[in-house]
Number of protein chains: 2
Amino acid sequence: MALAAFASISSKTRLRIFKCLVEAGSGGLAAGQIAAAVGATPSRTSFHLSNMSEAGLVSSSRQARQITYRLDFKSVGALMRYMLEDCCNNNETVRACCVAKDKC
Amino acid sequence: MALAAFASISSKTRLRIFKCLVEAGSGGLAAGQIAAAVGATPSRTSFHLSNMSEAGLVSSSRQARQITYRLDFKSVGALMRYMLEDCCNNNETVRACCVAKDKC
DNA sequence: ATTTTATTTCAAGGAAAGTTGAAATGAAAG
DNA sequence: CTTTCATTTCAACTTTCCTTGAAATAAAAT
C-alpha cells in the first residue's frame with residue numbers, strides 16, 4: 001500500500017490534487033471542482049482520483065449527482081509513520097525534520 | 001525533486017535498497033554489496049542507484065574499485081518535511097503520526 | 001419519458017520505465 | 001601492459017502508465 005501511495009503522489013497532477021484536497025479539509029471537494037482547480041479534463045481527473053483511491057489516499061461519497069472526494073488524513077499520517085519507522089528505522093536526522101523546521 | 005524522490009521509492013527494488021542503506025548507516029555500502037543484499041543483478045542495481053542518486057536520495061564515492069553509496073538522511077528528512085509542511089499544510093492528524101506512534 | 005448535469009469507463013495510441021545481457025570504463029595487481 | 005575485479009553504460013525488448021475523446025452510467029429536473 002505504501003508503494004502505491006508513493007507512486008500515486010509522484011505524479012505532478014496527482015500531487016496538485018492532493019494539495020487541493022488538503023486545502024479543502026475534511027469537507028472535501030466534488031470531482032468537477034477538483035478538475036477545475038487543477039486544470040485537468042474530467043476524465044483525466046477521474047482517472048487520477050481512482051488511482052489515489054486505490055492507493056488509499058482519498059475516500060469518496062456521492063451527494064445527488066456529485067461525488068465528493070476527501071483526503072484520508074489518517075492514511076497520509078500512517079504513510080509518514082511507515083516512512084519514518086519502517087523505512088528509516090526512526091533515524092534521528094529524519095525524525096528531527098518532522099518535529100521542528102529549524103532542525104532540518 | 002520531491003516528485004522524483006517519491007517516484008524513486010515507489011519501486012519495490014529501490015525501496016529495498018533504501019532500507020538496506022538505512023541499516024548500513026552513514027558508512028554506506030558498496031554497489032556490489034547492495035546488489036547481493038537485494039538479490040538484483042549488478043546492472044539493474046546500478047540503474048536503480050543512479051535513479052536514486054538523481055532523486056537526491058543517495059550520494060556516492062569511490063574507494064579503489066568499489067563505489068560506496070550512502071543514504072542522504074538529510075535529504076530524506078527534507079522530503080518528510082516537504083510532505084508535512086508544503087503538501088499537508090502541517091495538518092494535525094498527519095503531524096501527530098510523525099511525533100508519536102500511539103497517536104496514529 | 002426525455003433532457004440535463006456530473007462523473008466514470010473504455011479503447012487506442014503514445015510516452016516512459018523496467019529488464020536483460022553484452023560491451024565499456026576505471027582502478028588495482030601481477 | 002595485460003589481466004582482473006567492480007561497476008556502469010548501452011541497445012533491444014517488454015511492460016506499465018498516461019492521455020484523449022467518445023460512449024456509458026447515475027441522478028435530478030422538465
Side-chain angles (χ1 to χ4, degrees), chain A residues 1-21 23-24 27-72 79, chain B residues 1-21 23-24 27-72 79:
Chain A
M1 182 128 263
L3 285 181
F6 288 136
S8 192
I9 56 176
S10 71
S11 142
K12 198 176 156 188
T13 302
R14 285 193 294 259
L15 191 59
R16 248 187 292 156
I17 293 176
F18 185 103
K19 290 180 181 181
C20 206
L21 289 176
E23 280 185 32
L29 271 183
Q33 294 181 285
I34 297 169
V38 306
T41 64
S43 94
R44 204 167 123 218
T45 305
S46 175
F47 168 79
H48 287 305
L49 283 169
S50 71
N51 174 294
M52 294 174 80
S53 180
E54 275 167 38
L57 293 171
V58 303
S59 63
S60 63
S61 63
R62 183 183 276 272
Q63 286 86 43
R65 322 188 201 190
Q66 351 206 66
I67 297 179
T68 298
Y69 283 88
R70 293 174 191 76
L71 197 71
D72 187 337
L79 181 66
Chain B
M1 181 127 261
L3 285 182
F6 288 135
S8 192
I9 56 175
S10 70
S11 140
K12 197 175 157 189
T13 303
R14 285 193 296 260
L15 191 58
R16 246 185 296 157
I17 292 175
F18 185 104
K19 290 180 180 181
C20 205
L21 288 176
E23 278 184 35
L29 272 183
Q33 294 180 287
I34 298 170
V38 306
T41 64
S43 95
R44 203 166 125 218
T45 305
S46 174
F47 169 78
H48 287 306
L49 283 170
S50 72
N51 174 295
M52 294 173 80
S53 179
E54 276 167 37
L57 292 171
V58 303
S59 64
S60 62
S61 63
R62 184 184 275 273
Q63 284 86 41
R65 325 189 198 189
Q66 349 206 67
I67 297 179
T68 298
Y69 283 87
R70 291 173 192 79
L71 197 72
D72 186 337
L79 181 66

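Just so it is clear: chains get the letters A, B, ... in the order the sequence lines come, proteins before strands, and each one is counted from 1.
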Interatomic spacing from OG1 in A:T41 to CZ in A:F47 - rounded to 0.5 Å: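 Between A:T41 OG1 and A:F47 CZ, I get 11.0 Å after rounding to 0.5 Å.
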Please give, in whole Å, the distance from [N] [atom2] to [X] [atom1]?
{"X": "B:F47", "N": "C:dA17", "atom1": "CZ", "atom2": "C1'", "result": "6 Å"}
{"X": "A:L29", "N": "C:dA6", "atom1": "CG", "atom2": "P", "result": "15 Å"}
{"X": "A:K12", "N": "C:dA15", "atom1": "NZ", "atom2": "P", "result": "17 Å"}
{"X": "B:Q33", "N": "D:dA6", "atom1": "CD", "atom2": "P", "result": "10 Å"}
{"X": "B:I9", "N": "C:dG18", "atom1": "CD1", "atom2": "C1'", "result": "18 Å"}
{"X": "B:Q66", "N": "C:dT25", "atom1": "CD", "atom2": "C1'", "result": "16 Å"}
{"X": "B:L3", "N": "C:dA17", "atom1": "CG", "atom2": "P", "result": "12 Å"}
{"X": "A:I34", "N": "C:dT8", "atom1": "CD1", "atom2": "P", "result": "9 Å"}

Would you say D:dA6 has OP1 or OP2 under 4.0 Å from some side-chain N or O of B:Y69?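 No, outside the criterion.
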A:H48 side chain near D:dT19 phosphate (N/O to OP1/OP2, under 4.0 Å)
yes
First encountered from the 5' end of DNA chain D, between B:G32 and A:A7 |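 Looking at the nearest nucleotide for each, B:G32 comes out on the 5' side.
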Review point. Between B:A31 and A:N51, who's closer to the 5' end of DNA chain D by nearest nucleotide?
Key: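 The answer here is B:A31.
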Side-chain donor/acceptor of B:S10 to backbone N/O of B:A7, under 3.5 Å: yes
Side chain of A:R62, backbone of A:A64: donor and acceptor closer than 3.5 Å?
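Yes, A:R62 side chain to A:A64 backbone: donor-acceptor pair under 3.5 Å.
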Under 4.0 angstrom, heavy atoms only, what part of the nucleic acid is A:A30 near: base, sugar-phosphate, or nothing? sugar-phosphate
- State, without any angle test, whether A:S59 and A:D72 hold a side-chain donor-acceptor pair at a distance under 3.5 Å.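 A:S59 vs A:D72: no donor-acceptor pair found between side chains.
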Between B:T68 and B:Q66, is there a side-chain donor-acceptor contact under 3.5 Å, judged purely by atom types and distance? no
A correct 5'-to-3' footprint of nucleotides 22-30 of chain D, with B, S and - meaning base, sugar-phosphate only and no protein heavy atom under 4.0 Å, is B---SBSS-
Closest approach of A:A37 to A:C20 (non-hydrogen atoms, all atoms of both residues):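 A:A37 and A:C20 have their closest heavy atoms at CB-SG, 3.6 Å.
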Worksheet item: So do A:S60 and A:L49 actually touch side chain to side chain, heavy atoms under 4.5 Å?
Response: no
Which residue lies more 5' along DNA chain C, comparing B:R14 with A:T68 via nearest heavy atoms: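 Upstream on the strand: A:T68.
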Measure from the side-chain heavy atoms of B:R44 and tell me the nearest of C:dT8, D:dT7, C:dT19.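 Out of C:dT8, D:dT7, C:dT19, the nucleotide with an atom closest to B:R44's side chain is C:dT19.
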